[in-house]
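See below for the structure under consideration.
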Amino acid sequence: MAVERVRGWWEEYREQVPSGYLDLAELEHHAAWVKNFETVHVPGLLQTEQQVRAIFSATVPALSEEELAVRVRFRLRRQEALAEGRMGHYEAVIHEAALRIRVAGIEVARGQLLHVLDRSELPHVTVRVIPFDLDGFAGMGDPLVYAGGPVPSLDTVLMDTPHGGAFLDAQAQLCRYREVVRKLEAVSLGVIESRDFIHRLVRSM
């Protein structure tokens, strides 16, 4: 996304967290809107502090207590813009697997689902779910962030890979991932149905 670089809050964390974390925070800051697809974990912008801590505690190699604390603070700082309405519209498409996987105990898992429901009530947040038994989901398993620019040619895609994030902005790549996002939205449940689905998961715990 070609924008004038500014010294944002994320610069406070330079040399403290991986550079890709800073790039993602800056991307979210400048984006007109963001669409996020996740299959394994609840999206970072929707995670509780307990969930964030549990995920980073499983990092290999293990983080020191100081490194862990910094990464938790950084992710929670990213969430402030969403919670306070200072970022564009955010849409999360979450596979049922990500909602069911327990990175910690049942109370953390239950609190995480309730937190997703709470955030889904914000006027600039949309949450959709892809259940296991929904027909038509195939060919897309990698997490992605699609950030909309001021014009479509300035969109940016962030793909999550085992070795870090990969930013894509070539027009052919953007065209491909626009279609991927369209298909994900098409096979996911509607907003109300998604909330009902998450409520049922909570009641089943």
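Just so it is clear, the model here is predicted, and its values are computed rather than measured.
Residues Arg14 and Glu11 approach most closely at NE-OE1, 2.6 Å, considering heavy atoms. Val42 approaches Val116 most closely through the heavy-atom pair CG1-CG2, 3.8 Å. Across every non-hydrogen atom of Gln79 and Leu45, the tightest pair is CG-O, 3.6 Å. Contact detail for Thr39 and Ala97: the closest heavy-atom pair is O-CB, 3.4 Å. Across Leu113 and Ile198, no two heavy atoms sit closer than the pair O-CG2, 3.9 Å.
Scored by the ring pair (Phe, Tyr, Trp, His ring centres under 6.0 Å) test, Tyr21 finds no partners at all (sequence neighbours excluded). With sequence neighbours excluded, the residues satisfying salt bridge (charged side-chain N to carboxylate O under 4.0 Å, His left out) with Glu80 are Arg77. Residues that satisfy the side chain to side chain donor-acceptor pair (under 3.5 Å) test with Glu185, not counting sequence neighbours, are Lys35. Residues passing the salt bridge (charged side-chain N to carboxylate O under 4.0 Å, His left out) test with Arg71: none are found, sequence neighbours excluded. Residues meeting the salt bridge (charged side-chain N to carboxylate O under 4.0 Å, His left out) test with Arg102, sequence neighbours left out: none. Listed by chain and number, the residues in a side chain to side chain donor-acceptor pair (under 3.5 Å) with Arg203 amount to none (sequence neighbours excluded). Applying the salt bridge (charged side-chain N to carboxylate O under 4.0 Å, His left out) criterion to Glu15, with sequence neighbours excluded, gives no partner residue. In terms of the side chain to side chain donor-acceptor pair (under 3.5 Å) criterion, residue partners of Glu38 (sequence neighbours excluded) are, by chain and number, Asn36. Not counting sequence neighbours, the partners of Ser64 by the side chain to side chain donor-acceptor pair (under 3.5 Å) test are Glu67.
Environment of CD in Glu179: crowded, with over 12 heavy atoms of neighbouring residues, nucleotides or ligands closer than 6.0 Å. Within 6.0 Å of CD in Glu65 there are 12 or fewer heavy atoms belonging to other residues, nucleotides or ligands.
A distance of 7.0 Å separates CD1 in Ile101 from NE2 in His41, rounded to the nearest 0.5 Å.
When each of Glu28, Arg73, Gln47 is tested with Arg78 by the rule side-chain contact (heavy atoms from CB on, under 4.5 Å), just one qualifies, namely Glu28.
Aromatic ring centres of Phe132 and His95: separated by under 6.0 Å.
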Test side chain to side chain contact (heavy atoms under 4.5 Å, CB included) on Ile130 and Phe37 and set out the steps. CA-CA 10 Å; Ile130 298 179; Phe37 170 64; 4.1 Å; yes
Please determine whether side chain to side chain contact (heavy atoms under 4.5 Å, CB included) holds for the pair Val34 and Val145, giving the CA-CA distance in whole Å, both sets of side-chain angles, and the decisive distance to 0.1 Å. CA-CA 7 Å; Val34 174; Val145 174; 3.7 Å; yes
List, one per line, each side-chain donor-acceptor pair under 3.5 Å for residues 105-112, sequence neighbours excluded.
| unit_1 | atom_1 | unit_2 | atom_2 | d |
| --- | --- | --- | --- | --- |
| Gln112 | OE1 | Thr48 | N | 3.0 |
| Gln112 | NE2 | Leu46 | O | 2.8 |

Distance-only check: which donor-acceptor pairs under 3.5 Å involve side-chain atoms of residues 53-60, not counting sequence neighbours?
| unit_1 | atom_1 | unit_2 | atom_2 | d |
| --- | --- | --- | --- | --- |
| Ser57 | OG | Arg53 | O | 2.7 |
| Thr59 | OG1 | Phe56 | O | 2.9 |

Listed pairs under 3.5 Å, donor-acceptor, residues 119-129 side chains, sequence neighbours left out:
| unit_1 | atom_1 | unit_2 | atom_2 | d |
| --- | --- | --- | --- | --- |
| Ser120 | OG | Leu117 | O | 2.6 |
| Ser120 | OG | Arg195 | NE | 3.3 |
| His124 | NE2 | Leu82 | O | 2.6 |
| Thr126 | OG1 | His89 | NE2 | 3.0 |
| Arg128 | NE | Glu91 | OE2 | 3.1 |
| Arg128 | NH1 | Leu189 | O | 3.4 |

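With hydrogens and angles disregarded, no donor-acceptor distance shorter than 3.5 Å links the side chain of Arg178 to the backbone of Tyr146. For the pair Gln173 (side chain) and Ala170 (backbone), a donor-acceptor distance under 3.5 Å is present.
For the pair Phe197 and Glu96, the minimum side-chain heavy-atom distance is below 4.5 Å. Here the side chains of Leu144 and Val181 are in contact, with some heavy-atom distance below 4.5 Å. Counting heavy atoms from C-beta outward, Pro43 and Ile94 have side chains that approach closer than 4.5 Å. Between Val157 and Phe167, every side-chain heavy-atom pair lies at or beyond the 4.5 Å cut-off.
Between His30 and Trp10, the ring planes are perpendicular. Angles over 60° get that label, and only those under 30° would be called parallel.
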